[in-house]
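The block underneath contains the structure these notes are about, expressed in structure tokens.
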Amino acid sequence: MSLVKKARQNLGYSLEVAAREIGISAGYLSQIESGKRQISAERAKLIAQVYNVHLDDIFTPTRYGRKELVTDEEVNT
């Protein structure tokens with residue numbers, strides 16, 4: 001069982017209730033719990049917040065996107 005699912009169950013939330021609180025579909029949350037779907041850092045933080053747990057307790061960062069260099073000139077245009 002994934003730690004995400006366990007955190008949800010520890011709150012007594014059904015998949016549907018938790019998904020509604022997070023603002024996603026129950027199917028999407030199920031895919032997250034089963035590891036079939038990766039999510040953004042922002043969504044992971046939101047799930048941890050809704051479940052009242054630390055992000056690092058239920059998620060492991062597994063991918064990162066590259067950052068673009070933005071020059072002062074670009075920022076001021």
Side-chain angles (χ1 to χ4, degrees):
M1 176 184 309
S2 74
L3 293 173
V4 180
K5 183 175 182 176
K6 185 173 181 174
R8 174 179 58 78
Q9 290 179 335
N10 285 344
L11 286 176
Y13 284 2
S14 68
L15 198 59
E16 292 78 14
V17 168
R20 188 174 36 239
E21 289 289 319
I22 297 163
I24 59 176
S25 72
Y28 186 38
L29 181 55
S30 177
Q31 290 177 339
I32 293 167
E33 288 184 352
S34 67
K36 295 178 182 173
R37 179 75 68 124
Q38 291 191 356
I39 57 173
S40 68
E42 291 78 21
R43 179 147 291 146
K45 288 176 189 175
L46 177 59
I47 292 170
Q49 181 181 6
V50 168
Y51 290 177
N52 198 29
V53 296
H54 290 282
L55 178 66
D56 295 338
D57 289 343
I58 59 173
F59 290 108
T60 302
T62 57
R63 69 181 170 137
Y64 294 89
R66 73 184 166 98
K67 292 172 87 173
E68 293 289 330
L69 177 63
V70 179
T71 64
D72 290 338
E73 187 174 292
E74 292 172 319
V75 170
N76 294 324
T77 57

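Computation of the quantities below employed the complete heavy-atom set of this structure, encompassing side-chain atoms and omitting hydrogens, waters and symmetry-equivalent molecules. Just so you know, these numbers come straight off a predicted model, no measurement behind them.
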Once you round to the nearest 0.5 Å, how far does [atom1] of [X] lie from [atom2] of [Y]?
X: I39; Y: K45; atom1: CD1; atom2: NZ; answer: 11.5 Å
X: I47; Y: R43; atom1: CD1; atom2: CZ; answer: 7.0 Å
X: R37; Y: Q31; atom1: CZ; atom2: CD; answer: 4.5 Å
X: E21; Y: Q49; atom1: CD; atom2: CD; answer: 11.0 Å
X: S2; Y: Q9; atom1: OG; atom2: CD; answer: 8.5 Å
X: S25; Y: E16; atom1: OG; atom2: CD; answer: 10.5 Å

Can you name the residues that form a side chain to side chain contact (heavy atoms under 4.5 Å, CB included) with K6, not counting sequence neighbours?
->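 Partners of K6 by the side chain to side chain contact (heavy atoms under 4.5 Å, CB included) criterion, ordered by chain and then number, come out as M1, N10.
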Below 4.5 Å, heavy atoms only, C-beta onward: do Y51 and I22 meet side chain to side chain?
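Counting from C-beta outward, Y51 and I22 do come under 4.5 Å.
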query: Are any of the side-chain heavy atoms of L3 and D57 separated by less than 4.5 Å?
result: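 A side-chain contact under 4.5 Å is absent here.
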Shortest non-hydrogen pair, L29 vs A18, comes out as CD2-CB, 3.7 Å
Which atom names give the shortest non-hydrogen contact between V53 and A7, and what distance separates them?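 In this case the closest contact between V53 and A7 is CG1-CB, 4.4 Å.
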